[in-house]
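Here the structure comes first, spelled out in structure tokens, and everything after it is commentary.
First listed ligand is number 1; within each ligand, the first listed atom is number 1. Treat the numbers as computed from the prediction; the structure is a model and nothing was measured.
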Amino acid sequence: MARLVMKFGGTSVANVERIRNVARHVKREVDAGADVAVVVSAMSGKTNELVGWCREAAPLHDAREYDAVVASGEQVTSGLLAIVLQDMGIQARSWQGWQIPILTSDAHGSARILGIEGGEIVKRFAERKEVAVVAGFQGVHKETGRISTLGRGGSDTSAVALAAAIGADRCDIYTDVDGVYTTDPRVVPKARRLDRIAFEEMLEMASLGAKVLQVRSVEVAMVHKVPTFVRSSFDDPENPQPGTLICAEEDIMEAQIVTGIAFTRDEAQITLRRIADKPGVAAAIFVPLADANINVDMIIQVVSDDTTTTDMTFTVPTSDYERAMTILEGARETIGYASVAGATDVVKVSAIGIGMRSHAGVAARAFKALADKGVNIRAITTSEIKFSVLIDAAYTELAVRTLHSLYGLDKA
Ligand code: ASP
Ligand code: MG
């Protein structure tokens, strides 16, 4: 008998009427004989409101109390869905993170799941065919027993981790789009919905800007090999579409060289000019940034022709840009640079595909195509299954569209 986890996002549970629609999807699977655990987000906008209240109460606040507040959105929707299911004649019970429990680290606000005790839920599947309605996004800190949350978008991770813990056959992530697209359809109307995408590709897509899933949920799905569908909750509950399957590479029949194009505006560029070209200088720059928990992404070092000084360009998250600049200005003496400059009106565009492993010249074609359109590239990084270019934000659409058609991703 099939065992599955169904996860519904904020827009899918935005009000009681929509929760009733969610219940119809659940009923379909229950009627088909499946054992079902449902994971719900808070009503759309709710978590933002709760976060806002915390900030209003005090700009700097105790992260444990933040978690006590923001976890409440999911408590409401899990209870409401259980009520609606019961009203439809389906056995259902809500579960908060601490009741299961979903044990987490102590990183309040962005805790990691350490373990899930799924035994009671599974027992109730067998004993009374009871649907478990689980509050997403939240858990409980293993040692203190305090409520924790998993970071924004964390109910995706709750769902996949629960699926792994109870040995579910698959995890269905219901959202407001009908699957994973080759790129953002709002930017490229010719974007196509993918039938399948490999875990590794999805991980890169999510890390490089695709907003459809929380990055950590894809990591968990990959590690535990949980087949995960992204599909629409707005489909007719009687006749739903399958959506996009995220699965192991071996299960993809016709691999493309490039599967998708992602982009993110969340990156800023910093350039240090005329730093000494000698051992230790990279450490002098990047150790203080790492100590301040600033994630450096692309790095380019240029050897200048006088060979005594060089330039260093790198990117940091836009939200850390000001902090990084302050740290670098403070470390001017120890690093020893002539000047520092930065830009925040930049975008990182990436092409992702497992086919890149076995094909040469994939990125080179992109550089040529972008040059033909007059798009200047500020920085480049490549790895096994992706490459990224940093360009002026004004060229985002042009660059994304150019790469999308270059690699044959446009729908007919
Ligand atoms: N409600 C939480 C958020 O808005 C968790 C989630 O929706 O995944 O981030
Ligand atoms: Mg989400």
Determine, step by step, whether Arg28 and His25 satisfy the side-chain hydrogen bond (donor to acceptor under 3.5 Å, both in side chains) criterion, reporting the C-alpha distance in whole Å, the side-chain angles of both residues, the deciding distance to 0.1 Å, and the verdict. CA-CA 5 Å; Arg28 179 191 67 240; His25 281 281; 2.9 Å; yes
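Classification of Arg357 and Glu249 as a salt-bridged pair holds, one side-chain N sitting under 4.0 Å from a carboxylate O. For the pair Arg196 and Asp251, the salt-bridge criterion is not met [side-chain N within less than 4.0 Å of a carboxylate O].
Between Lys46 and Val76, the closest side-chain pair of non-hydrogen atoms is not below 4.5 Å.
Interface of Glu74 with ligand 1, defined as ligand atoms under 4.0 Å from a residue heavy atom, comprises 1 (N), 2 (C), 5 (C). In the vicinity of Gly153, heavy-atom distances shorter than 4.0 Å reach the ligand 1 atoms 3 (C), 5 (C), 6 (C), 8 (O), 9 (O). Heavy-atom contacts of Ser41 reach the following atoms of ligand 1: 6 (C), 7 (O), 8 (O) (cutoff under 4.0 Å). Less than 4.0 angstrom separates some heavy atom of Arg152 from each of these atoms of ligand 1: 3 (C), 4 (O), 9 (O).
By the 4.0 Å heavy-atom criterion, Gly154 is counted among the residues contacting ligand 1.
Asp35 pairs in a side-chain contact (heavy atoms from CB on, under 4.5 Å) with only one of the listed residues (Arg3, Glu29, Glu130, Arg124), which is Arg3.
For atom 6 (C) of ligand 1, the closest heavy atom belonging to the protein is Ser155 OG, 3.0 Å.
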